[in-house]
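Okay, structure first, notes after.
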Amino acid sequence: MNQTESNDLRPRQSVTVEDLLKLKRMERPSQEFWSQFERELRAKQLAAIVNRRPWWHRLSRPVMLTTRFHAPIGAVAVLALTWVSVRQFDGTTARALAPSPYSPSHLTERPADETLAASASDLPAPSAAAARSTARSAEALVLPREDAEPDASASTAVAPARQVSTVVASHLVPAPSSIATNLNASALASLESKVDREQAPSSGSATDELFAPSARLITTNMAVVRETGLDTLHRFLGGTQDFAANASVGRRMVDPMVRMNPVSEERRSRLLAPALPASSAAEVTTASLAERTESRLSSDRLYDSVSRYGVDGHSISIKF
Amino acid sequence: MIEASKLFGKALVASPERKLEADADLAVVRLVQAGDVAAFDRLILKYRERVFGVVYHMTSNREDAADLTQDAFIKAFQSIQRFQGQSSFFTWLYRIAVNSTLNHLRKNRLRSFFSLETVQQENAVSRELLDALTDKTGVDRDGFVRELQEKLNEAMLKLSIPHRTVVTLFEIDGLSHHEIAEIMNCSVGTVRSRLHYAKQLLQAELQPYLRR
């Protein structure tokens, strides 16, 4: 320490940056400054004790501690959100692709009774109207027999018979393909089972005797359906399935460019109109393409018909 | 009581005086944490001049330095319950003050006003240095001291904030490289590099006042 002081007190020959910075170290405030500093600090300290820090300042420290985890947490959140979105999108797509009430698979999955009961109501408006008209015809098929065998319970027995006939008629109606394809032998089999279930009680108690006429009517209708329904169905379905083939057969393939009148053809016709008295411009424009092709002038006839020299009163014209 | 020197990481390279000082500070801090608020005044009286000196040489403004020093002590007082003794209280307090000053300098980058303290010419070192400088110039001593003081602060303000901080802590406050690295949260090599670069710049700026 004494050696250092003796070095400092030695006559200085050189001045370095460090020496100048030591001089800067001598910049010190006076004692009055520290008195004021003490008072201000005391006031601030008391204010800090009285005024508690807001609650969010306490939350800031845990947040700051988790700074290093912000990026991984954000990445995990993005991945989770993406996964949930994809799952949600798949669910929405699956619902959108779910079989519609009119689709064949949906109809075949439904119980037979439910299918039969809902088929008439599920039909679109025109098909439903056609079903009702066909039902009326089927009812007409049944009612004469009902009239032929009057019964006190006939009015009540007509109801189930009409229902069944309506159901059958709705299947016979030329419905959309989605429903029509469902009408096959299985539908008829389910129809039979429904009829059988309705017939079964008739052989039981005395009250079931009231349904005996209707059951007979149903049996008769079913026989009619068996005889004619399958043929009608096959004819109808066959016609439906072969519709595209028939339509494609009836339409002839025509090149769309053939229908257009070429510009050169029109121009040639217009130029040749005065030179060819036999063919009028109207005929050229109205002739079909095939006819025009057949009646197209050959080059020899064209050149023969063109007159390069003309004499018109007082002038002579020469065409090159 | 746990010795603070055992809890130090980088501060283990500090001098024995620093270790004793750190142990004494830790004892006072434990008192404050136990509820003895008045014990914190001892820490204020012990470190206020040093903290103020660091802040003042970084800002070159005595009013700003006073406010920042007071804020540093208030922050230390409010956060003293979280001080666990993993570093010395001196380093912890310096870090608070330096960070507050750096934030202040970044916010007021475009605004710099000198508000300088008076150079104590009665000190032996300063008197001998001023004698060496003024004998050959022959100008008035007080005026020369004032001019040299302004040139020094201008040169300091031309340094970047990290370089100015390193020069202040090492050359003016006398901290070691390791302590500066701990306070500034950087490596010792970075401290040395910054110090070397800052000295080169200061030498270029203060060339008229240097003698070889």
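In what follows, every heavy atom counts, from backbone to side chain, and hydrogens, waters and symmetry copies are set aside. Below, read A as the first sequence line, B as the second, and so on, with proteins coming before strands; counting in each chain starts at 1. Worth saying up front: this structure is predicted, and the values here are computed from it rather than measured.
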*Show the numbers, then the answer: is there a side-chain contact (heavy atoms from CB on, under 4.5 Å) between A/L21 and B/L202?*
CA-CA 10 Å; A/L21 292 175; B/L202 288 175; 4.2 Å; yes

*Report the relative orientation of the aromatic rings in A/W34 and B/F52; use parallel for angles under 30°, tilted for 30 to 60°, perpendicular for over 60°.*
perpendicular

_On a heavy-atom basis, which atom in A/F33 and which in B/A66 lie closest, and how many Å separate them?_
CZ-CB, 3.7 Å

*Determine, for B/D41 against A/R42, whether the closest basic-nitrogen to carboxylate-oxygen distance falls under 4.0 angstrom.*
yes

*Picking from A/E40, A/E38, A/Q45, what satisfies side-chain hydrogen bond (donor to acceptor under 3.5 Å, both in side chains) with B/Q70?*
A/E40

*Can you say whether B/D67 sits under 4.5 Å from chain A via the side chain, the backbone, both, or neither, judging by heavy atoms?*
both

*For B/E49, is it the side chain, the backbone, both, or neither that has a heavy atom closer than 4.5 Å to a heavy atom of chain A?*
both

_Is the shortest side-chain heavy-atom distance between A/E27 and B/H57 below 4.5 Å?_
yes

_Return the CG to CD1 distance between A/L41 and B/I44, rounded to the nearest 0.5 Å._
4.5 Å

_At a 4.5 Å cut-off on heavy atoms, which part of B/Y209 comes close to chain A: side chain, backbone, both, or neither?_
both

*State the CG-CD distance between A/L20 and B/Q203, to the nearest 0.5 angstrom.*
10.0 Å

*Write down the atom of B/I74, the atom of A/K44, and the distance for their closest heavy-atom approach.*
CD1-C, 3.6 Å

_Partners meeting salt bridge (Lys or Arg N to Asp or Glu O under 4.0 Å) with B/K199 (sequence neighbours left out)_ = A/E18, B/E171

*Step through the shown structure and confirm whether more than 12 heavy atoms of other residues, nucleotides or ligands are within 6.0 Å of OH on B/Y197.*
no

_Which heavy atom of B/L210 sits nearest to which heavy atom of A/T16, and what is that distance?_
CD2-C, 3.5 Å

*What closest approach, in Å, do B/N153 and A/K24 show between heavy atoms, and which atom pair accounts for it?*
OD1-NZ, 2.6 Å

*asked:* For the CG atom of A/D19 and the CG atom of B/L206, what is their distance to the nearest 0.5 Å?
replied: 11.5 Å

